[in-house]
> 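Pasting in a structure now, in structure tokens, and then I'll have a few things to ask.
Chain identifiers are assigned alphabetically (A, B, ...) following the order of the sequence lines, protein sequences preceding nucleic acid strands; residue numbering begins at 1 within each chain.
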There are 2 protein chains.
Amino acid sequence: MARITGSNGERTALAIRHAALRLIHRHGFAAMSLRDLAAEVGIRPGSLYNHIATKQSLLFDLMHEHMTTLLAETDAALAAAGPAPLDRLRSFIAHHVLYHLERKREVYIANFELRALDAANAARILAMRHDYEARLIGLLEEGAAAGVLATADMRVTAYAMLAMLTGVCTWYKPSGRLDRAAIVALHTDLALDGIRR
Amino acid sequence: MARITGSNGERTALAIRHAALRLIHRHGFAAMSLRDLAAEVGIRPGSLYNHIATKQSLLFDLMHEHMTTLLAETDAALAAAGPAPLDRLRSFIAHHVLYHLERKREVYIANFELRALDAANAARILAMRHDYEARLIGLLEEGAAAGVLATADMRVTAYAMLAMLTGVCTWYKPSGRLDRAAIVALHTDLALDGIRR
DNA sequence: TCGGAAAACAAACGTATGTTCGTTTACGAG
DNA sequence: CTCGTAAACGAACATACGTTTGTTTTCCGA
């Protein structure tokens, strides 16, 4: 055996990334062996190296692509929103929750596998995460300046909101009781007005 | 060399648990080798087995002890609170945040290393987590029944609140800008009333 | 049609892993 | 003081790991 009939580089590379997302999400990066990954894809361990440089770079690429997409889509959502601070904030929240519902694996990995990256790679991902946080903090400041939002500590408030809005991807199952619109609405209400009647 | 002068079983066992908390929190359970752990404690790898049964049982014990303490302390906090639903909820929130500030390593591990447990151990920890969630859901239902809380989906609301309140242990540093009381107050306000003025 | 690049294989590299074993020495109850 | 046990050691076990290598077969542009 050698090169397999019908084999295609791009398709295999995609399958590797997809399988890696599943395995890392389920077992963690350190607990995913390249032998497991190769078996999931249906190739031999050594063949992975036709498509990835190292295990470390595979993880970094997955995280980097996710952060790039998240930032771009967020900016698009904000650009499409109305000018009112509250509308912009609603738009951010809706996009964040929907994105996290649809790509829970990528999100989970980007949030919890930072420690598996080496120092240089971790720094790059962290910088992108700070960019993302800065967008929300900016929206909170806009709202405070316009007088529609409470003016407590912006940074910690943003952290708390992001934690709440991101939490959805730890329990969400597409087959669940609530549909996506309901989940978005519930989280928007919680963030804006809390649980007190 | 053999048994070391001044060696003491209980002290070593404690040092192992403490070092394990640090290493698992920093690198993850799968990425922590027993050789690293032994080096951190200052003994040889094989000597660990005078104090633990297996690596897996070490993780389970750490998580189980944490969940037991959390449940017991939560019940104590609720028992000490006044009878009004809102007071009880405030008490829950305050205790949760303080506990998570003070034991961020244990919390982080209990939340994110579930996948490293084998099936039977994971089921036991999950059951305790459900117990904890049930306490909050109960409080939300009390509040709804009394008419002081909004009556949206109780389970998802509880998940969102817990995600927000737990998030604090991913960024908190004791040397930070805000003291603990301020962090508790900020999270209580956010949970109850949101960010809208 | 043909030749180089792409993509797979089988096999092996050195190292690290969790764990076990037999041995040695200090501690502490009688 | 004595003796069983606790608690450490050094060494080794089998297995698993990420990665490299050389080879083989298929694909595809000129």
> With respect to the side chain of A/R35, which nucleotide from D/dC17, D/dA8, C/dA8 is positioned closest?
D/dC17

> Within this structure, what is the CG-to-C1' distance between B/L58 and C/dG18, rounded to whole angstrom?
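Nearest whole value for this atom pair: 13 Å.
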
> In whole angstrom, give the distance that lies between atom CZ of A/R11 and atom P of D/dC27.
10 Å

> Indicate, yes or no, whether a donor-acceptor pair under 3.5 Å links the base of C/dA6 to the side chain of A/N50.
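Looking at the base of C/dA6, it does not pair with any donor or acceptor on the side chain of A/N50 (distance under 3.5 Å).
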
> Of all the nucleotides listed (C/dG18, D/dT19, C/dA8), which has the minimum atom distance to the side chain of B/K55?
C/dG18

> Can you measure B/L37 atom CG to C/dA16 atom P for me and round it to whole angstrom units?
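The answer, rounded to whole Å, is 17 Å.
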
> Please check if any side-chain donor atom of A/S47 sits under 3.5 Å from a side-chain acceptor atom of A/N50, or the reverse.
no

> Quick check: B/H66 with B/Y99 (ring centres under 6.0 Å apart)?
yes

> Need one value for B/S33: base, sugar-phosphate or nothing, where a base atom within 4.0 Å counts as base even if backbone is also close, heavy atoms only.
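B/S33: backbone/sugar contact only, no base atoms under 4.0 Å.
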
> State the CZ-OG1 distance between B/R135 and B/T74, to the nearest 0.5 angstrom.
7.0 Å

> Which residue lies toward the 5' end of DNA chain C, A/R44 or B/Y49, if each is placed at its nearest nucleotide?
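The 5'-side residue here is A/R44.
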
> Provide, to the nearest angstrom, the distance between the CD atom belonging to B/E10 and the P atom belonging to C/dG28.
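After rounding, the reported distance stands at 12 Å.
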
> Mind calculating the distance between CD1 (A/I43) and P (C/dC9) to the nearest angstrom?
6 Å

> Check the orientation of A/Y159 and B/W171. Use parallel for under 30°, tilted for 30 to 60°, and perpendicular for over 60°.
tilted

> According to a strict under-4.0 Å criterion, is B/H51 in side-chain N/O contact with OP1 or OP2 of D/dA6?
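Checking B/H51 against D/dA6: no side-chain N or O falls below 4.0 Å of OP1 or OP2.
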
> Can you tell me the distance, in whole Å, between the CD atom of B/Q56 and the C1' atom of C/dT17?
16 Å

> Can you measure A/L48 atom CG to D/dT19 atom C1' for me and round it to whole angstrom units?
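The answer, rounded to whole Å, is 11 Å.
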
> Measure the distance from CG on A/L34 to P on C/dA16 and round it to the nearest whole Å.
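It is 17 Å, rounded to the nearest whole Å.
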
> Map A/G46 and A/A31 onto DNA chain D by nearest heavy atom, then report which one ends up closer to the 5' terminus.
A/A31

> Is the distance from the ring center of A/F112 to that of A/F29 below 6.0 Å?
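No.
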
> Ignoring backbone atoms, establish whether A/S47 has a side-chain N or O less than 4.0 Å from OP1 or OP2 of C/dC9.
yes

> At under 4.0 Å, does any side-chain N or O of A/T12 touch on OP1 or OP2 of C/dA8?
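So the side-chain polar atoms of A/T12 do come within 4.0 Å of the phosphate oxygens OP1 or OP2 of C/dA8, strictly under.
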
